[in-house]
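The structure under discussion appears below in the form of structure tokens.
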Amino acid sequence: MLELRNISLSVEDQFAQNNTKEILRDVNLTIETGKFIVITGPNGGGKSTMAKMIAGILKPDQGQILLDGEDITNLDITERAKRGVSFAFQQPVRFKGITVRDLINLAAGHEIGDCEACAYLKEVGLCAKDYIDREVNASLSGGEIKRIEIATVMARKTKLSIFDEPEAGIDLWSFNNLIDVFRKMRAEIQGSILIISHQERILDIADEIIVLADGRISAKGTKDQVLPELLKDDCRYCVAGRRAMY
Amino acid sequence: MNDITKRLLSMITDISGEIKGAFNIRVDGGCEARQSSENVDIIPKVGQPGIDIVIKPNTKEKIYIPACVTKSNVDDLVYNDFYVGENADVTIVAGCGVHTDGEEDSQHNGIHRFFVKRNAKVRYEEKHVGIGEGTGKRIINPQTYIEMAPDSYMEMDTVQIKGVDSTKRESKAVLQSGAKLVIKEKIMTHGDQYAETNFQVDLDGEDSGADLISRSVARDTSRQLFRSVINGNTRCTGHSECDAIIMDKGVVSAIPELTANDIDAALIHEAAIGKIAGEQLTKLMTLGLTSEEAEAKIVEGFLK
């Protein structure tokens, strides 16, 4: 179970009052083990910031983060990763010389067999033999590297997997697969999955939808409770209506 | 053969047990062992140190020409000439290991010339290492001159990962029509080491091509200089690339020089020098690596 207690985070902003801008404002949130949660909301609402903060990439100014009751607020990225937090970047990082195989091995925490490594690639719609020894460098397209990023998180099999806009850069065919990937992951790992997304079809498979707007949680509930209002043009959860999300 | 020689050889070559083909093992300026084969003659030079390696046409063989310096105060200079016959397809494993145990410097200056005949194919592997507890500097200055006949191909893989205090590498090549040259260099310097690389390629023949790729890491207060000169004198393609990671107070300079002397010469240079990107460290840390482990992995991959 992941708990966020009274989380606030500001960043420097020369155009804002006092040169600081509040990104997250006193956020409280509990994510139960085994749940599939989607965080949505307008751009600039604090979604990615919250995801990075859970992974330890950003530190909150105030508040506490608890994972299965343990306070992980002051743990760094590595320590959180070791305790079972995974993070798929919105814009995956490229490396010269590091291959897809290297990355999947690092993600799994040990050398895994070709069969297993290839199975992860197949899940994300990549032909394993074409990709397993390729470098994770600039020669990969945005969609290819995005799928490899998802495969690395799958290989980790952790109790909390966070995906920051996994659909960005993914074509329609892959997108259909992506939905299946999440469904399968959920069944296999039995951990919590936290996805940041604007996609209605991802929202549709969530146990719970959280709307984050202007640094605050403006709605939280099952898809039946949240989705109808969210799909309205003048959605009251978002400051400037639903259109601000796109 | 003493233990230091064995250790150096295992670091610079893949020799294990008996060598079937031709070889020449040079140790501390002398010949430790030599063997010609049916298609490869190894002949000592007269009047200067070194050997001629004469490879008959159509030969397919792996040839070992390593050199070791096992102690301080050795100043080794050697001239090795390779004559690669038409249609031959050979791998030549050279390389040099220098061990110092005292205060005096030791150095190996290997001057290698290649005469690659029509349609011949050569893979040239050159690994350089330095070891030993002595304070004497370990110095390796290789010079490589390559003459490539029409439609020949040569790939030069040169690696220096550890322990060489100073190196100055000169590589010059002249290519005739349809010849292709690929040079891949990997260097890591640390401490106060210095490494200098000078490539000069003349693309004289139509449809000749050269690809010069350098990847390097400069740590501590070490310095590196990479200079690549490509002259496109006819319809040809030339590409040089210098990719470097700097760490601590390392310094890397890249100086490309491309000259197109013909309207159909297509020449490209790319250079990227910088520290390890923070986001690369972050990504590997999200997989459970510590910052130090992530850094080591990135460097290892980069120089792989």
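Everything numeric here is computed off the predicted structure, so don't read it as measured data. Atom set for the values below is all heavy atoms of this structure, side chains included, hydrogens, waters and symmetry mates excluded. Numbers restart at 1 for each chain; the letters A, B, ... are given by sequence-line order, proteins then strands.
- A side chain to side chain contact (heavy atoms under 4.5 Å, CB included) with B/K283 is found for one member of A/T152, A/I57, A/I77 and no other, namely A/T152.
- Environment of NZ in A/K157: crowded, with over 12 heavy atoms of neighbouring residues, nucleotides or ligands closer than 6.0 Å.
- With a 4.5 Å cut-off on non-hydrogen atoms, A/F89 touches chain B through its side chain but not through its backbone.
- Heavy atoms closer than 4.5 Å to chain B are found in both the backbone and the side chain of A/A107.
- Without hydrogens or angle criteria, B/T286 side chain to A/S86 main chain gives no donor-acceptor distance under 3.5 Å.
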For this session: Apply the test side-chain contact (heavy atoms from CB on, under 4.5 Å) to residues A/I98 and B/Q280: give CA-CA distance (whole Å), side-chain angles for both, the deciding distance (0.1 Å), then the verdict.
Result: CA-CA 11 Å; A/I98 292 182; B/Q280 291 182 332; over 6 Å; no
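- A heavy-atom distance below 4.5 Å is found between the side chains of A/L103 and B/L287.
- For A/K122, the NZ atom sits in a loose shell: 12 or fewer heavy atoms of surrounding residues, nucleotides or ligands are nearer than 6.0 Å.
- Smallest separation of non-hydrogen atoms from B/M285 and A/T78: CE-OG1, 3.5 Å.
- Residue-environment remark: NZ (B/K249) stays at or below the threshold of 12 foreign heavy atoms within 6.0 Å.
- Open room surrounds NZ on B/K168; 12 or fewer heavy atoms of other groups in view lie less than 6.0 Å from it.
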Exercise. Where do A/K96 and B/R215 land on the side-chain contact (heavy atoms from CB on, under 4.5 Å) test, with the steps shown first?
Worked result: CA-CA 10 Å; A/K96 283 181 178 170; B/R215 279 201 180 169; 3.8 Å; yes
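- When each of A/K82, A/E79, A/R83 is checked for heavy-atom pairs under 4.5 Å with chain B, A/K82 comes out on top.
- Applying the 6.0 Å contact sphere to NZ of A/K159 captures more than 12 heavy atoms from other residues, nucleotides or ligands.
- Residue-environment remark: CD (B/E270) exceeds the threshold of 12 foreign heavy atoms within 6.0 Å.
- Heavy atoms closer than 4.5 Å to chain B are found nowhere in A/V153, neither backbone nor side chain.
- Within a 6.0 Å sphere centred on CZ of B/R7, heavy atoms belonging to other residues, nucleotides or ligands number 12 at most.
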